[in-house]
Q: 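Pasting a structure below so you can have a look.
Sequence lines set the chain letters: A, B, ... in the order given, protein chains first and strands last, and positions in each chain run from 1.
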Amino acid sequence: MELLVASAIGILTAAGLYLVLRLRTFPVIMGVSLLTYAVNVFLFASGRLTVGAPPILTDATTYTDPLPQALVLTAIVISFGMTAVVVMISLGAFLGGNDDHVDDPKPEADAGDAS
Amino acid sequence: MSLFLIVALPFLGALLPGLMNSAGRAACAGVTFMVTLATFVGLLTNLPTVLAGELVTVGIDWMPLLGLNVTLMLDGLGFFFACLILGIGLLIITYARFYLAREDNMGEFFTYLLLFQGAMVGIVLSDNILLLLVFWELTSLSSFLLIGYWKHLPEGRQGARMALTVTGMGGLAMIGGMMILGQIVGSYDLSVILQNRDLIQADPLYLPALILILLGCFTKSAQFPFHFWLPHAMAAPTPVSAYLHSATMVKAGIFLMARMWPVLSGTPEWFVIVTGAGLITMVLGAVIALFKHDLKALLAFSTVSHLGLITMLLGTGTAFGAMAAMFHILNHATFKAALFMSAGIIDHETHTRDIRRLGGLRHLMPITFGIATLAALSMAGIPLLNGFLSKEMMLEEATHTVLFNSPMLVPVLATIGSLFSAAYCFRLIGHTFLGPQRDDYPAKPHDPPVGLWGPPALLATLVVVIGVAPFLAEPFVKLVTASVLGGVVDVPDAHFKIWHGLTTALYMSIIAVGGGLLMLAIFNPALRVWDAAPRPEAKRIFDAIIAASVSLARKFIAPLHDGSFSRYAAIMAVTVLAVGYHAWTTGTVAPATRILQPANFVQIAGWFMLVAATVGMVFLHRDRLLSLILIGIVGLMVSVGFVVFSAPDLAMTQLTVEVVTIILLLLALNFLPNKTPIESSVTRRTIDGVIAVAVGVAAAGLSYHYMLRDTIIPSISEYHLANSYKGGGGTNVVNVILVDFRGFDTFGEIIVLGIAALLIYALTETLLSGPVRARLLNRKPDQPRAGNMHPMMMVVMTRVIMPVVLMVAFYIFWRGHNEPGGGFIAGLVASIAIVMQYMASGFGWTSARVRYPYHGVIGAGVLIAGLTGIGSWFFGKPFLTSDYTYVRIPPFEKFELATAALFDLGVFLAVVGAVMLSLESFSRLARRAHVDDPDHPMDIDPSRDDETTKAEA
């Protein structure tokens with residue numbers, strides 16, 4: 001099972017990074033989203049994997065680690081906010097410049113005049 | 001009045017002018033005047049203590065570990081400067097009220113002025129040198145704003161930048177010097193430092209500290225070779241020039257030299273540097289001033305020259321020199337501020353400050369003529385005016401000063417300086433007021449209203465009073481001198497007198513005045529020589545240095561920072577990989593302590609779906625809608641994973657966030673192209689792929705590795721599990737951590753979320769108010785529109801289901817403390833309930849029914865959470881301490897009431913507000929012109945038919 005989670009993290013990271021390296025805003029945002037999943041699962045897994053022992057206090061003797069869960073919970077919500085801001089910025093750039101490249105256009109020729 | 005209040009009042013008062021701006025100019029200036037007056041009166045209440053020679057001190061610890069404490073002290077020196085700052089401030093405020101034009105924003109001006117005033121008062125009252133540095137930098141910043149107040153003038157902006165650069169650099173140097181000083185003494189308190197003269201002067205770091213501190217003083221007080229910024233700062237409005245650049249800010253450097261006088265002066269290094277720089281500045285400034293045609297430039301260089309004079313006097317290191325310096329500061333502040341204000345009046349009334357276009361104004365502006373003449377004659381050193389007295393003392397001191405083993409050097413240079421000083425004063429009077437009346441003034445000159453001439457007239461009166469009766473000023477100046485000397489040497493006995501007998505100083509004075517008159521007589525030939533002579537232009541050198549630094553910085557930045565985001569991302573990924581590899585190969589690997597857990601068929605199936613969707617995204621990402629669907633699958637599978645691995649709260653959060661994220665991305669995709677074209681080469685894609693796979697393998701390896709090992713140090717989670725119920729009163733440990741153990745984190749997080757939403761709102765507003773708006777309004781949709789925009793079934797369905805969904809949110813919220821749920825999840829569920837209405841019934845229908853603005857909801861959430869935290873203060877507990885109790889209202893079950901629930905309510909509201917504000921902002925972009933917001937279900941979109949017919953035609 002650990003193997004499944006670890007490989008899932010790896011595949012999410014690889015796919016996310018590949019998309020982040022694309023040239024247009026939308027794939028980059030998608031890539032960042034995939035990376036977010038990978039990071040959240042990675043952080044979550046730092047509490048080690050436990051099946052069937054949620055951190056709800058009952059008569060049980062073992063519980064899974066609650067701390068990474070609390071941290072990841074807010075991370076999920078914050079990442080929504082972050083995604084929304086990035087999407088808004090890329091949208092603004094596209095609407096303003098009719099271009100959704102993430103890279104600055106290559107300078108044609110430096111005019112040499114700074115001002 | 002407490003010293004704290006004296007320093008704080010101008011800062012607090014700085015809020016008022018802006019508020020009073022709409023109440024009119026008189027109210028705006030009036031409130032500024034009252035604030036300054038209150039501060040001034042507060043200062044005067046401390047006068048008896050100061051006169052008794054005692055020290056007023058107050059202090060609280062701010063950052064004791066850094067040695068940074070808010071300690072203030074008031075002695076004679078501080079009192080003197082604070083009096084100058086506030087007293088002249090009052091005159092300047094009155095003057096500015098009448099000087100500023102109707103179109104100038106007066107509230108802005110007085111806000112800056114009060115900020116500056118507070119910073120200056122802070123400098124002169126600080127007992128802690130680190131605190132002093134803070135105020136020091138504040139004066140640089142506020143003076144930047146004041147110099148550049150007329151933003152439309154390029155000279156104003158350039159002058160402001162130059163002043164900030166020079167004084168800012170000096171301030172940086174001074175921080176270094178003060179740090180060294182603090183290290184030597186072991187304390188940053190002036191009262192301690194001033195007691196350690198021998199320790200400091202014996203230290204090998206004395207010289208570096210001295211040079212660094214003097215750099216700060218010299219840049220601020222415009223001493224050679226940093227004198228060039230002051231004339232350029234004269235692009236400021238005249239009240240600013242009169243206030244900052246004659247009476248107060250430029251004297252800050254002088255103040256600091258006087259303040260540090262007991263510990264820094266008296267060494268050969270101090271003597272050579274300070275006296276040398278002062279002498280050069282004095283002569284150079286006076287010579288340049290004579291040949292300036294702009295009245296304010298002439299006065300600016302004359303200020304430079306007089307600051308040099310004071311610096312020179314402080315440099316001699318004798319008690320008499322210090323006393324002369326203090327006396328001259330007082331005299332210079334009176335006559336120079338009066339002169340600046342007169343120059344402002346002339347500029348205001350004739351619309352020019354060019355001396356060559358003036359002349360013969362004495363009958364047209366008799367009052368101004370009287371004031372300016374008195375002040376200028378005082379500056380020239382004519383007896384019965386105060387300038388004569390201190391200049392005489394300066395010349396007296398010069399005759400006793402031996403620099404570079406030459407007894408003649410200082411007296412001769414001092415006489416030359418005085419000669420040119422007298423010359424430019426005579427030129428100022430002669431070429432502006434005397435001579436024939438002209439008929440080509442740019443405007444018809446006449447005397448201004450009393451508001452403009454009153455303040456300089458008051459100062460001119462002081463000039464005469466001190467000049468005729470110097471014994472009136474003597475006790476005060478001696479008191480100030482005593483606090484400068486700090487007990488190192490005794491205050492000199494010499495009395496201030498007009499007639500000292502036939503001394504060398506008197507002869508020097510006579511030579512200076514006579515030479516000055518002669519100089520004026522031969523002014524025109526001298527000017528031709530001056531104009532022909534080559535001389536370095538400071539501004540050009542400064543600009544060249546700045547340009548060189550900029551191009552150097554560009555050379556470094558351009559290759560590294562070429563604006564290609566993909567490149568940065570790749571560099572970062574490779575770097576992280578390399579560093580990680582290094583750590584992995586140089587560290588040791590502990591043996592596995594956990595065993596692999598078996599996976600069942602369902603888990604493998606889930607993994608397979610996740611992987612298939614992820615890999616699918618890589619290959620199909622060019623179809624953007626498809627990739628949205630695929631990422632939905634990924635999110636769903638991640639949620640399922642959370643369920644499997646005992647994280648119900650996470651699963652619920654992930655699931656609900658997934659819904660709103662996809663809606664958000666769909667809204668965005670509405671405007672973006674639907675396809676991503678193929679642009680990068682196969683090589684490039686291969687390289688990216690290799691990097692991505694390498695990082696992915698590393699991430700997988702790392703996670704696999706640590707999942708098979710236990711933590712080296714026991715986790716703190718045990719504490720949370722053990723205390724969740726006992727301390728937090730809840731059985732859902734995750735929720736108790738969020739709202740209780742780590743409530744402060746959560747508080748910060750909802751604020752971040754709120755800020756993100758507000759940012760989105762602000763960006764939308766910006767887009768909609770710019771050129772994009774027209775494009776958006778006239779946009780032709782690239783997809784065929786649905787004929788039935790709001791299908792009846794969906795409308796009815798969502799309206800029926802809304803209370804149910806809200807009930808679910810309510811339920812999830814309340815059970816959150818003990819069962820999976822809580823404010824975050826409930827907030828997301830409630831948002832989905834509202835979003836459904838937007839989707840089914842349309843933007844117009846829904847937003848007409850939203851009673852509270854979403855910003856307000858965010859604010860209310862943060863406020864409730866914050867107030868809950870503050871509430872625990874009233875019980876003497878730290879911020880966000882929670883409490884709980886159990887209540888039972890029949891016929892319901894016994895349930896728990898915890899303050900944490902109130903905090904969670906704040907979280908809930910903030911989440912609802914943030915999510916809704918973001919989504920609403922996006923959909924506002926989608927509204928088009930000529931399409932009314934439909935208000936009823938089953939609206940038919942008329943534009944659709946038009947387009948269909950057109951397409952068919």
Q: Just verifying a value: how many Å separate A:Phe42 CZ and B:Leu702 CG, rounded to the nearest 0.5 Å?
A: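 Reported value, rounded in 0.5 Å steps: 4.5 Å.
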Q: Would you say the side chain of B:Glu658 lies within less than 4.5 Å of the side chain of A:Ile76, judging by non-hydrogen atoms?
A: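 No - every pair of side-chain heavy atoms lies 4.5 Å or more apart.
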Q: Determine whether B:Phe645 and A:Thr50 make a side-chain contact, defined as any pair of heavy atoms from C-beta on separated by less than 4.5 Å.
A: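 No - every pair of side-chain heavy atoms lies 4.5 Å or more apart.
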Q: Work out which heavy atom in A:Ala45 is nearest to a heavy atom in B:Tyr706; give both atom names and the distance.
A: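 It is O-CE1, 3.5 Å.
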Q: Examine whether an atom of B:Thr614 lies under 4.5 Å from a heavy atom of chain A, and if so say whether it belongs to the side chain, the backbone or both; otherwise answer neither.
A: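 When you check distances to chain A, atoms from both the backbone and side chain of B:Thr614 fall under 4.5 Å.
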Q: So, taking the atom named CD in B:Gln597 and the one named CE in A:Met1, what distance separates them when rounded to the nearest 0.5 Å?
A: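 Spacing of CD (B:Gln597) from CE (A:Met1) equals 4.0 Å.
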Q: Can a salt bridge be assigned to the pair B:Arg624 and A:Asp100 using a cut-off of 4.0 Å between side-chain N and carboxylate O?
A: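 A salt bridge links B:Arg624 with A:Asp100.
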Q: A side-chain contact here means heavy atoms from C-beta on lying under 4.5 Å apart; do A:His101 and B:Phe565 qualify?
A: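 Side chain of A:His101 against side chain of B:Phe565, heavy atoms only: no contact under 4.5 Å found.
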Q: Between B:Leu767 and chain A, with a heavy-atom cut-off of 4.5 Å, which part of the residue counts as in contact: side chain, backbone, both or neither?
A: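 It is the side chain, since no backbone atom gets that close.
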Q: Does B:Ser566 offer a backbone N or O that forms a donor-acceptor pair with the side chain of A:Asp103 under 3.5 Å?
A: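 Yes: the side chain of A:Asp103 pairs with the backbone of B:Ser566.
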Q: Answer yes or no: is there a side-chain heavy-atom contact under 4.5 Å between A:Thr74 and B:Asp745?
A: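 No, their side chains stay 4.5 Å or more apart.
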Q: Any idea which of A:Thr13, A:Leu49, A:Ile9, A:Thr64 has the most non-hydrogen atom pairs under 4.5 angstrom with chain B?
A: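 Of A:Thr13, A:Leu49, A:Ile9, A:Thr64, A:Leu49 has the most heavy-atom pairs under 4.5 Å with chain B.
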Q: Can you tell me how far CG of A:Leu67 sits from CD1 of B:Ile737, rounded to the nearest 0.5 angstrom?
A: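 Here the interatomic distance stands at 5.0 Å.
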Q: Ring centroid separation for B:Phe642 and A:Phe44, is it under 6.0 angstrom?
A: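 Yes, the ring centres sit under 6.0 Å apart.
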Q: How about OH on B:Tyr725, more than 12 heavy atoms from neighbouring residues, nucleotides or ligands closer than 6.0 Å, or not?
A: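 No, OH of B:Tyr725 has 12 or fewer neighbouring heavy atoms, counting only those of other groups under 6.0 Å.
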Q: Measure the spacing between CG of A:Leu3 and CE of B:Met707 and express it to the nearest 0.5 Å.
A: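 So the gap between those two atoms works out to 8.5 Å.
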Q: So A:Arg48 and B:Arg594, do their side chains get closer than 4.5 Å, heavy atoms only?
A: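 Side-chain contact under 4.5 Å: yes.
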Q: Distance from A:Leu73 atom CG to B:Gln654 atom CD, nearest 0.5 Å?
A: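 Separation between the atoms: 9.5 Å.
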Q: Of the options B:Ile691, B:Val695, B:Asp688, which is the one that meets A:Tyr18 in a side chain to side chain contact (heavy atoms under 4.5 Å, CB included)?
A: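 Going through B:Ile691, B:Val695, B:Asp688 one by one, the side chain to side chain contact (heavy atoms under 4.5 Å, CB included) with A:Tyr18 is satisfied by B:Asp688 alone.
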Q: Which one wins on heavy-atom pair count under 4.5 Å against chain B: A:Leu71, A:Leu12, A:Val41?
A: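 Sorted descending by pairs with chain B, the first entry is A:Leu12.
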Q: Is there a side-chain contact between B:Leu628 and A:Phe26 (heavy atoms, below 4.5 Å)?
A: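 Heavy-atom side-chain distance check passes, below 4.5 Å.
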Q: I need the residue from A:Thr58, A:Ile89, A:Ile78 with the largest number of non-hydrogen atom pairs under 4.5 Å to chain B.
A: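 Top option by heavy-atom pairs under 4.5 Å: A:Ile78.
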Q: Any heavy-atom pair between the side chains of B:Pro677 and A:Arg24 that's under 4.5 Å?
A: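 Contact flag for A:Arg24/B:Pro677 side chains = yes.
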Q: I'd like to know if B:Glu679 pairs up with A:Arg22 as an ion pair, taking the criterion as any Lys NZ or Arg NE/NH1/NH2 lying under 4.0 Å from an Asp or Glu carboxylate oxygen.
A: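 Salt bridge absent between B:Glu679 and A:Arg22.
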Q: Could you report the tightest heavy-atom contact between B:Gly730 and A:Leu57, atom names first, then the distance?
A: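 Between these two residues, the closest heavy atoms are O-CD1, 4.2 Å.
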Q: I need the residue from A:Pro27, A:Gly31, A:Pro66, A:Ser90 with the largest number of non-hydrogen atom pairs under 4.5 Å to chain B.
A: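 Going by pairs under 4.5 Å, I would pick A:Pro66.
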Q: State, with a plain yes or no, whether a side-chain heavy atom of A:Ile56 is found less than 4.5 Å away from one of B:Val733.
A: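 When only atoms from C-beta onward are counted, B:Val733 and A:Ile56 do not touch, as no gap falls below 4.5 Å.
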Q: Under the rule for salt bridge (Lys or Arg N to Asp or Glu O under 4.0 Å), what residues qualify as partners of B:Arg567, not counting sequence neighbours?
A: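 B:Arg567 satisfies salt bridge (Lys or Arg N to Asp or Glu O under 4.0 Å) with B:Asp562 only.
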Q: Of all of A:Asn40, A:Ile29, A:Val5, which one pairs up most often with chain B through heavy atoms under 4.5 Å apart?
A: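 Of the candidates given, the most pairs with chain B belong to A:Val5.
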Q: To the nearest 0.5 Å, what is the distance between OH on A:Tyr63 and OG on B:Ser646?
A: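 The OH atom of A:Tyr63 sits 12.0 Å away from the OG atom of B:Ser646.
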Q: Tell me every residue that passes salt bridge (Lys or Arg N to Asp or Glu O under 4.0 Å) with A:Asp99, counting only those two or more places apart in sequence or in another chain.
A: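 For A:Asp99 there are no salt bridge (Lys or Arg N to Asp or Glu O under 4.0 Å) partners, ignoring immediate neighbours.
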